[in-house]
Chemist: 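Got a structure for you, questions after.
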Amino acid sequence: MTTAETPDEVAGVLEDESEDRVYFQISFSGLRYVNQNACERAVAAYFALAAGVDHTNTEYPRACTHGAKAVENRTGLSRKSSVPDLVEELLGINALQRPPAVADLEEASAKTAGHAVTWLVDPERIDDLVDIDQRFLDPYHGADKRPVRRSVKGVNSDFMRMMYAQVGRRGGRPFTDALLLYCALLGHFDLERHAGVDPRVACSLMSPYSGGGPIRDLEHVMPLFHNDGDCLVLVRENGFPCISAEYADELFKDLPSRRQETPEERAAAALDVLRSLGLVSAAHVLWTASPFTERHSAPLATLYVKGGSTFTDGRHLQHEIDAVVKDTDTIEGSALYPRDAEDGKSAFSGSGIYRYIAPEDEVQASVVLTQLRLKHVADSDSHRAGLVVESLRRDGYLAYLRSMEMA
């Protein structure tokens with residue numbers, strides 16, 4: 001099998017200038033700096049202001065057109081009693097700057113309908129911008145119709161759910177850890193190169209099958225009947241991806257904390273928050289070799305994506321793999337598809353055991369990693385290119401499966 005090359009189709013995809021491409025950019029180092037030097041509410045205000053940066057403004061870099069009302073709508077923070085003080089706090093640490101034409105917040109807010117510049121959001125930090133879908137902050141962004149009534153705290157967005165998820169809970173954690181991790185993961189999300197979040201940041205290695213599954217007398221590696229040189233490989237889930245200790249230390253070192261926790265513990269807790277909010281899910285990805293030991297390893301195919309329609313279109317290679325296994329009599333059809341199975345599902349459904357087929361001489365090197373997939377990935381050029389490459393990987397693996405000689 002071969003990995004997908006960067007396709008000619010990518011150029012055509014990138015020519016589409018659809019108005020649905022609604023995303024903003026935030027400096028990751030800037031977000032971390034504000035986490036380190038300002039209060040949690042100031043972090044929320046900084047994030048909302050970054051979402052208002054006008055990328056068409058050639059006069060000012062990182063020019064924002066959001067005023068206090070826009071911040072209130074996206075954070076629930078009062079535009080009268082909270083936002084002005086938070087803006088002053090951000091100005092005091094140089095995370096915001098006043099453009100020459102702006103005198104004060106009230107004046108700036110009154111002009112935002114005409115797209116006047118209110119603030120410059122970290123104009124010196126332009127080398128580490130992370131793309132984020134605007135609908136993370138405003139689920140109705142770009143929609144023709146908006147609800148007449150909003151929630152008490154403004155728009156019921158995933159960002160606001162994150163902000164207030166821990167409020168009032170005993171031992172509640174600051175939302176800023178989860179926000180920082182989420183942006184970090186978005187910055188390391190690359191479908192083209194990694195088929196998800198870079199596994200060096202977060203993943204878990206699936207284990208070789210060692211028995212105890214729904215079908216007896218199976219082995220980790222089994223020759224594919226009638227197809228000399230090809231093998232069926234069974235692997236078992238080994239838990240949800242974990243943030244690597246090295247990356248957790250890089251992310252959370254030197255950041256203030258309410259608790260005596262290691263960076264690894266903070267990262268794990270933050271990831272739990274993201275999971276509870278449905279902002280992350282998992283995908284099982286077949287690689288040519290371990291990316292931790294082989295520099296030139298690459299994803300071959302995504303075997304399965306969890307999390308429903310938010311993260312997948314429902315097309316799973318497990319179905320096609322099982323069909324080959326049945327048609328080649330590698331596993332008897334009556335065992336693979338029991339008569340009493342719900343909706344004709346495979347016996348492996350829900351077992352945590354996944355399958356792939358590979359040439360015999362590639363089995364030993366190949367690995368399956370459980371990697372993170374994310375909600376609100378921006379519809380950027382790089383993501384569109386990644387979607388094309390991901391589709392080509394799937395098509396290439398399907399062509400390999402269809403080359404199998406059936407019984």
Side-chain angles (χ1 to χ4, degrees), residues 26-48 50 75 77 86 89-90 93 95 122 125 128-130 132 136-137 157-190 194 196-205 238-282 292 307 369-377:
I26 191 167
S27 164
F28 183 72
S29 64
L31 179 62
R32 194 175 185 279
Y33 172 77
V34 175
N35 265 271
Q36 191 171 20
N37 294 281
C39 70
E40 294 169 23
R41 296 189 308 158
V43 173
Y46 175 84
F47 200 87
T75 65
L77 300 170
L86 297 173
E89 185 175 355
L90 293 169
I93 62 172
D122 263 334
R125 298 180 187 267
D128 62 348
L129 298 175
V130 176
I132 306 174
F136 176 52
L137 275 163
S157 66
D158 283 331
F159 176 68
M160 293 189 69
R161 290 170 59 225
M162 180 187 292
M163 276 187 68
Y164 296 103
Q166 301 288 306
V167 172
R169 293 187 181 183
R170 186 176 181 180
R173 296 172 177 275
F175 80 92
T176 48
D177 278 7
L179 181 64
L180 187 65
L181 176 62
Y182 183 57
C183 291
L185 295 176
L186 283 167
H188 288 282
F189 184 88
D190 189 332
H194 306 305
V197 172
D198 186 341
R200 298 166 188 82
V201 170
C203 77
S204 60
L205 176 65
N238 199 20
F240 198 78
C242 298
I243 307 299
S244 74
E246 294 80 5
Y247 191 74
D249 186 62
E250 177 184 332
L251 185 63
F252 288 110
K253 66 181 179 183
D254 303 327
L255 290 183
S257 175
R258 297 175 185 172
R259 304 172 177 221
Q260 294 295 321
E261 291 180 305
T262 66
E264 197 170 357
E265 290 169 335
R266 288 180 74 177
L271 185 60
D272 284 343
V273 172
L274 298 182
R275 289 187 71 185
S276 70
L277 295 173
L279 293 171
V280 297
S281 189
F292 300 98
L369 301 179
T370 303
Q371 297 172 230
L372 291 176
R373 291 288 177 96
L374 307 174
K375 187 178 180 182
H376 299 303
V377 175

Chemist: Would you compute the distance between atom CE of M162 and atom CG of L277 and round it to the nearest 0.5 angstrom?
Modeler: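 If we round to the nearest 0.5 Å, M162:CE and L277:CG are 6.0 Å apart.
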Chemist: What side-chain donor-acceptor pairs closer than 3.5 Å can you find for residues 32-39, not counting sequence neighbours?
Modeler:
from : atom 1 : to   : atom 2 : distance (Å)
R32  : NE     : L251 : O      : 3.0
R32  : NH2    : L251 : O      : 3.3
R32  : NH2    : K253 : O      : 2.4
Y33  : OH     : I93  : O      : 2.9
N35  : ND2    : L31  : O      : 2.9
Q36  : NE2    : D254 : O      : 3.0
N37  : ND2    : Y33  : O      : 2.8

Chemist: Which residues pass the ring pair (Phe, Tyr, Trp, His ring centres under 6.0 Å) test with Y247, not counting sequence neighbours?
Modeler: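 By the ring pair (Phe, Tyr, Trp, His ring centres under 6.0 Å) rule, Y247 matches H188.
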Chemist: Going from CD on E264 to OG on S244, what distance comes out if it is rounded to the nearest 0.5 angstrom?
Modeler: 8.5 Å
Chemist: Decide yes or no for V273 and F175: does some side-chain heavy atom of the first lie under 4.5 Å from some side-chain heavy atom of the second?
Modeler: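 No. Closest side-chain heavy atoms not under 4.5 Å.
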Chemist: Kindly indicate whether the side chain of R373, heavy atoms from C-beta on, has any atom under 4.5 Å from the side chain of V280.
Modeler: no
Chemist: Just jot down the side-chain hydrogen bond (donor to acceptor under 3.5 Å, both in side chains) partners of R200, sequence neighbours excluded, or say none.
Modeler: D198
Chemist: Once rounded to the nearest 0.5 Å, what's the spacing between atom OG1 of T75 and atom CE of M160?
Modeler: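 Between atom OG1 of T75 and atom CE of M160 there are 6.5 Å.
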Chemist: Just do the side-chain contact (heavy atoms from CB on, under 4.5 Å) check on F28 and L129 with the steps written out, would you?
Modeler: CA-CA 6 Å; F28 183 72; L129 298 175; over 6 Å; no
Chemist: Of all residues at least two apart in sequence or in a different chain, which pass the side-chain hydrogen bond (donor to acceptor under 3.5 Å, both in side chains) check with T176?
Modeler: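 Partners of T176 under the side-chain hydrogen bond (donor to acceptor under 3.5 Å, both in side chains) test: none.
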Chemist: Tell me which pairs pass salt bridge (Lys or Arg N to Asp or Glu O under 4.0 Å) where either residue lies in residues 240-250, with sequence neighbours left out.
Modeler: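 Every pair satisfying salt bridge (Lys or Arg N to Asp or Glu O under 4.0 Å) with a residue in residues 240-250: there are none.
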Chemist: What closest approach, in Å, do P241 and A202 show between heavy atoms, and which atom pair accounts for it?
Modeler: CB-C, 4.3 Å
Chemist: Which heavy atom of P263 sits nearest a heavy atom of A248, and at what distance?
Modeler: CB-O, 3.4 Å
Chemist: Between the side chains of D272 and R275, is the shortest nitrogen-to-carboxylate-oxygen separation below 4.0 Å, so that they form an ion pair?
Modeler: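 Answer for the salt bridge query: no.
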Chemist: Can you list the residues that meet the ring pair (Phe, Tyr, Trp, His ring centres under 6.0 Å) rule with F47, with sequence neighbours excluded?
Modeler: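 Applying ring pair (Phe, Tyr, Trp, His ring centres under 6.0 Å) to F47 gives F24, F136, F159.
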Chemist: So, using side-chain hydrogen bond (donor to acceptor under 3.5 Å, both in side chains) as the criterion, who are the partners of S29 when residues are at least two apart?
Modeler: S27, R125, D128
Chemist: Determine, stepwise, if the pair V201 / L372 fulfils side-chain contact (heavy atoms from CB on, under 4.5 Å).
Modeler: CA-CA 10 Å; V201 170; L372 291 176; over 6 Å; no
Chemist: Using side-chain hydrogen bond (donor to acceptor under 3.5 Å, both in side chains) as the criterion, list what pairs up with Y182, not counting sequence neighbours.
Modeler: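 side-chain hydrogen bond (donor to acceptor under 3.5 Å, both in side chains) check on Y182 returns nothing, list empty.
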Chemist: For P199, check side-chain contact (heavy atoms from CB on, under 4.5 Å) against everything at least two apart and list the hits.
Modeler: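 Here the qualifying residues are H194, C203, W287, P291, F292, L369, Q371.
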Chemist: Which residue pairs satisfy the salt bridge (Lys or Arg N to Asp or Glu O under 4.0 Å) criterion with at least one member in residues 33-45, sequence neighbours excluded?
Modeler: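 As it turns out, the salt bridge (Lys or Arg N to Asp or Glu O under 4.0 Å) pairs with a partner in residues 33-45, which skip direct neighbours, are E40-R258.
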Chemist: If you round to the nearest 0.5 Å, how far is CG of L274 from CG of L374?
Modeler: 8.5 Å
Chemist: Determine which pairs satisfy salt bridge (Lys or Arg N to Asp or Glu O under 4.0 Å) with at least one residue from residues 174-184, sequence neighbours left out, and list them in order.
Modeler: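 Only D177-R266 qualify under salt bridge (Lys or Arg N to Asp or Glu O under 4.0 Å).
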Chemist: Do the side chain of T370 and the main chain of F240 share a donor and acceptor less than 3.5 angstrom apart?
Modeler: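 No, because the side chain of T370 does not come within donor-acceptor range (under 3.5 Å) of the backbone of F240.
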Chemist: Say you draw a straight line from CD1 of I26 to SG of C183; how long is it, rounded to the nearest 0.5 Å?
Modeler: 5.5 Å
Chemist: Distance check, rounded to the nearest 0.5 Å: L185 atom CG versus L271 atom CG?
Modeler: 7.0 Å
Chemist: Could you tell me if the side chain of L179 sits less than 4.5 Å from the side chain of M163, heavy atoms only?
Modeler: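 M163 vs L179: side chains apart.
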